[in-house]
Each structure stands twice: as C-alpha cells, then as structure tokens.
S.K.: 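Here it is: the structure, laid out below.
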Amino acid sequence: MPNIPFNKPFLTGKEAHYMYDAVYSGKLSGNGKYTKLCQSFFEQRYGFKKSLLTTSCTDALEMAAILIDIQAGDEVILPSYTFVSTANAFVLRGAKLVFADSMADNPNMDAAIIEPLITEKTKAIVPVHYAGVACDMDAIMALANKHGLWVVEDAAQAIDSFYTNAKGEKRALGSIGHLAAFSFHETKNIISGEGGMLAINDDRFIDRAEIIWEKGTNRSAFFRGEVDKYGWVDVGSSFLPSETIAAFLWAQLENLDLIQNRRKEIWKMYFDQIQDWATNHEVALPKVPNNSTNNAHMFYIVMQNLNDRTRFIEYLKSLNIHAVFHYISLHKSDFFKAYDKSFSAVLPNCDRFSECLVRIPMYYDLETNDVLYISDRINQWDIKMQ
Ligand SMILES: *Cc1c(COP(=O)(O)O)cnc(C)c1O
C-alpha cells in the first residue's frame with residue numbers, strides 16, 4: 001500500500017546550484033542578482049508595476065497594511081474563511097476586522113454583500129483568491145473606486161492565475177488591486193521554503209514600498225545613485241529575503257510552466273475520476289467561474305457535514321492517504337473572540353467550508369498511478385456504508 005503524503009515540496013534540481021552561486025558570489029544579503037531576476041520575471045510575466053520579494057506572504061501583507069496607512073480603528077473588510085495572516089497584518093496596526101461571508105458555492109468572499117459593510121471608517125477590502133480562483137474583482141474594484149478604498153489582494157495561493165474582466169481583458173491575479181501579497185511557502189505551487197512577494201500596482205506606493213522594505217531607509221535609491229547619502233526616512237522593517245532564498249526561488253521560476261502544467265494535469269485527472277462519485281453523493285467539487293483560470297493550487301472536496309468529513313479523512317488515512325482540512329473561521333477563533341467582543345455577524349457559508357471542506361494530496365511529484373489510486377479509493381467510499 002503506498003503512503004501518500006498531503007504535500008511534498010518539488011525541487012527542479014537547480015536550487016542548490018543557484019544557492020551555491022549566491023553563496024560564493026560574496027553577495028549574501030538581499031536585493032542582489034537573484035532578487036532582481038525574480039522581481040523582473042514577475043513584473044514582465046504578470047504586469048505588476050513593481051515586485052518586491054519578501055520573507056513571506058505574511059510580511060508582504062504587513063507591508064501593505066503600513067503602505068495604506070492603517071490606523072487604530074480603521075476598518076478592513078476581509079473573508080473569515082482564510083489564513084490568520086490575512087487578518088493579523090491589519091490587527092497589528094489596530095484595525096477593526098469586518099468579516100464578509102463566503103459565497104455558497106465557492107469559499108471566496110461574496111462581493112455582493114460587501115457594500116452594506118462599508119462605513120466611514122472603512123479603509124480597505126482584502127479579497128483572498130482561495131485555491132487560486134479569482135474573487136469577483138470587477139465588483140470589488142468598483143466598490144473600492146466608489147467609496148475611495150484600497151484593495152489588497154491576498155494572492156498567497158494565486159500565482160499564475162488570471163481573471164477576465166467585463167471588458168474582456170485577462171489580467172493576472174495580484175495585478176488588479178492596488179497591492180497584492182503572494183506566498184512561496186513550501187505548501188504553495190512555487191516555493192522557496194519560506195518566502196513571499198509584494199506586488200505594487202499603483203505608482204503612488206512604489207517609492208515608499210522600497211523604503212519600508214529596507215528598514216525605513218532610502219538605501220535602494222542610494223544604490224541607484226538617486227540620493228547621495230542614505231538614512232532613516234520612514235518607518236519600516238527588514239522585509240527582504242537573503243540572496244540564497246531568491247536563488248532558490250529563481251530555480252523554481254525557470255520551471256514555472258513545467259510545474260503548472262503538471263499540477264493542472266493532476267487536478268483534471270482527479271476531477272474527471274471523481275466527478276460522478278461527487279454527484280451521486282451530493283458532495284461538491286471546486287467550481288471555477290468562467291472569468292477565472294484555475295492554477296491547480298489545491299484540490300478540495302466539500303462534504304455534506306462535519307461528521308462525514310471526519311470519517312472521510314479517517315477512511316483515507318487508513319489507506320495511507322493523507323488528506324487535511326483547514327481554516328477554523330477567523331471570527332470563531334479564540335484570538336478574535338477576545339479581540340472584538342462586539343462582533344456578532346453569522347457567516348453560514350464560511351462555517352460550512354470550515355466544517356466540510358477537505359483537501360486531498362496535490363503536488364508536482366504525485367504520480368499518475370497515485371492519482372488514480374486515490375480517486376479509486378474515493379470512488380469506493382460509500383457514505384451509507386460507514
Ligand atoms: C499561505 C497563505 C498565507 C501565508 O503565507 P506565508 O508565506 O506562509 O506567510 C496567507 N494567506 C493565505 C490565503 C495563504 O494561503
């Protein structure tokens with residue numbers, strides 16, 4: 001019986017080679033050759049005005065919160081069905097979190113319910129492109145324009161995924177909001193162990209982003225010869241990764257199409273193999289709207305209830321297939337309940353995904369045989385027999 005992990009980081013084979021090069025080039029700190037290679041790659045391929053590598057998506061979100069100048073009491077609208085970092089970045093600056101429910105058939109935040117949540121204090125909307133599937137960005141950007149709000153895309157899972165707007169323009173996720181944060185954590189499609197990127201799509205943020213990135217100094221401008229000395233000009237932190245991390249990431253980026261094509265193949269195999277089973281058992285598979293691509297970040301199944309999900313995960317585990325669930329709704333977390341005792345909204349779709357969604361193994365090295373094996377076992381799972 002094979003033992004199939006939930007995730008396995010994919011190595012292209014060039015990572016250690018480029019890291020070795022970075023180590024012996026004598027330039028180990030950040031913003032060197034490999035950082036610049038990665039950043040230009042992202043800017044050219046996805047149309048970001050500026051890309052800055054960070055040590056995580058969490059860091060990129062924190063940079064975004066500083067850039068849009070979140071102050072204590074400012075309100076931020078975000079989904080509750082997301083990773084803690086989406087919220088923490090704003091909580092660190094004292095924001096009030098206003099959680100919006102997911103859609104009924106998709107864990108993404110429901111854009112249709114955002115407008116009533118907007119108040120005089122609202123400063124930003126933070127859509128999360130769950131599983132790399134686009135939120136309704138036309139609606140979100142229209143609301144942001146109408147009410148003068150910033151949009152920060154949490155694109156942690158959304159590398160190489162695209163959204164087609166009402167005008168028929170196909171744009172990369174992360175290139176639509178004013179700012180966007182990506183993750184290269186080892187559980188994502190493209191990895192560097194820990195790692196991330198801030199994408200800046202509004203010119204007004206570019207200069208300040210570079211300063212905040214490098215500890216609040218104008219060091220980048222100094223090295224370009226734009227100022228004759230560098231010093232402390234703003235708040236900031238150390239958000240940039242070292243060159244060894246960027247070197248690792250570069251090896252992945254050179255193989256981005258290879259990685260993406262294989263992941264999409266695996267995703268489609270799963271879908272084709274278990275589609276009928278899902279219909280027969282009234283279990284939901286991911287829905288990708290027509291205006292979004294699918295970057296095959298994850299394959300998930302939405303069971304009918306918590307009990308079914310628990311038994312399904314145990315059933316797979318007994319076959320050495322490791323499936324996982326995630327996201328305890330943030331509005332039900334211990335931290336948030338203490339942070340904002342006044343929050344009382346009910347978010348039924350979010351709670352349902354929190355209780356019923358399960359993710360099955362999805363990684364580049366997953367063999368076709370294993371995909372067929374997993375699908376076959378899923379097809380043999382009969383709820384009524386459990
Ligand atoms: C992975 C993830 C993050 C955090 O990414 P890190 O790079 O680990 O900081 C944030 N938001 C979402 C939606 C994620 O999936």
Side-chain angles (χ1 to χ4, degrees), residues 6-7 9 30 38 42 51-66 76-92 97 99-100 102-103 106-109 124-135 137 140 151-161 173-174 176-177 179-199 213 237-242 245-246 248-249 252-253 263 286 292 294-300 324-331 333 335-336 350 353-354 357-359 362-363:
F6 169 67
N7 180 54
C38 294
F42 289 125
S51 147
L52 292 175
L53 294 192
T54 57
T55 52
S56 64
C57 176
T58 303
D59 263 3
L61 288 163
E62 285 176 29
M63 279 185 74
I66 296 172
V76 174
I77 299 172
L78 73 169
S80 177
Y81 189 74
T82 183
F83 188 60
V84 292
S85 295
T86 319
N88 254 333
F90 300 94
V91 167
L92 279 167
L97 303 178
F99 290 117
S102 298
M103 289 181 277
N106 178 331
N108 281 341
M109 177 162 80
I125 306 174
V126 186
V128 178
H129 304 298
Y130 184 78
V133 170
C135 294
M137 291 309 289
I140 290 170
V151 174
V152 178
E153 296 174 69
D154 182 337
Q157 306 174 4
I159 195 76
D160 210 51
S161 201
L173 298 189
I176 305 166
L179 299 165
F182 287 85
S183 175
F184 307 120
H185 184 265
E186 75 166 34
T187 52
K188 303 300 200 284
N189 291 27
I190 301 296
I191 64 174
S192 62
E194 303 280 353
M197 164 182 45
L198 180 71
W213 190 55
S237 191
S238 187
F239 287 116
L240 67 174
S242 74
I245 298 293
F248 187 112
L249 183 63
Q252 297 263 315
L253 295 183
R263 291 186 75 106
S292 177
N294 171 21
N295 71 348
H297 171 57
M298 68 168 90
F299 197 97
Y300 67 81
V324 301
F325 64 87
H326 68 170
Y327 300 157
I328 297 173
S329 305
L330 293 183
H331 72 287
S333 64
F335 174 78
F336 183 70
C350 167
F353 290 116
S354 183
L357 186 144
V358 52
R359 305 167 62 187
M362 177 78 221
Y363 50 88

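All values derive from a computational prediction rather than experimental measurement. Each residue takes its place number in the sequence, starting with 1. Order of listing sets the numbers, starting from 1, for every ligand and every atom in it.
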S.K.: Under a 4.0 Å heavy-atom cut-off, which residues neighbour ligand 1?
M.R.: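 Residue list for ligand 1: Ser56, Cys57, Thr58, Thr82, Phe83, Thr86, Val128, Asp154, Ala156, Gln157, Ser183, His185, Lys188, Gly195, Tyr327.
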S.K.: Taking Glu62 for the side chain and Ala89 for the main chain, is one N or O donor matched with an acceptor at less than 3.5 Å?
M.R.: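 Here the side-chain-to-backbone pair does not exist.
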S.K.: With distance as the sole test, does Trp213 use its side chain to make a donor-acceptor pair with the main-chain N or O of Thr54 at under 3.5 Å?
M.R.: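 Judged by distance alone, no pair lies under 3.5 Å.
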S.K.: Ignoring hydrogens and geometry, is there a side-chain-to-backbone donor-acceptor pair from Ser354 to Tyr327 under 3.5 Å?
M.R.: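 Side chain of Ser354 to backbone of Tyr327: a pair is present.
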S.K.: With a 4.5 Å heavy-atom cut-off, do Phe248 and Ile191 have their side chains touching?
M.R.: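 The answer is yes; the side chains approach within 4.5 Å.
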S.K.: Quick check: does any side chain N or O of Ser56 sit under 3.5 Å from a backbone N or O of Gly196, one acting as donor and the other as acceptor?
M.R.: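 Checking the backbone N and O of Gly196 against the side chain of Ser56, no donor-acceptor pair under 3.5 Å is found.
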S.K.: Check the surroundings of atom CZ in Phe42: do more than 12 heavy atoms from other residues, nucleotides or ligands lie under 6.0 Å from it?
M.R.: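 Counting other residues, nucleotides and ligands, CZ of Phe42 exceeds 12 neighbours.
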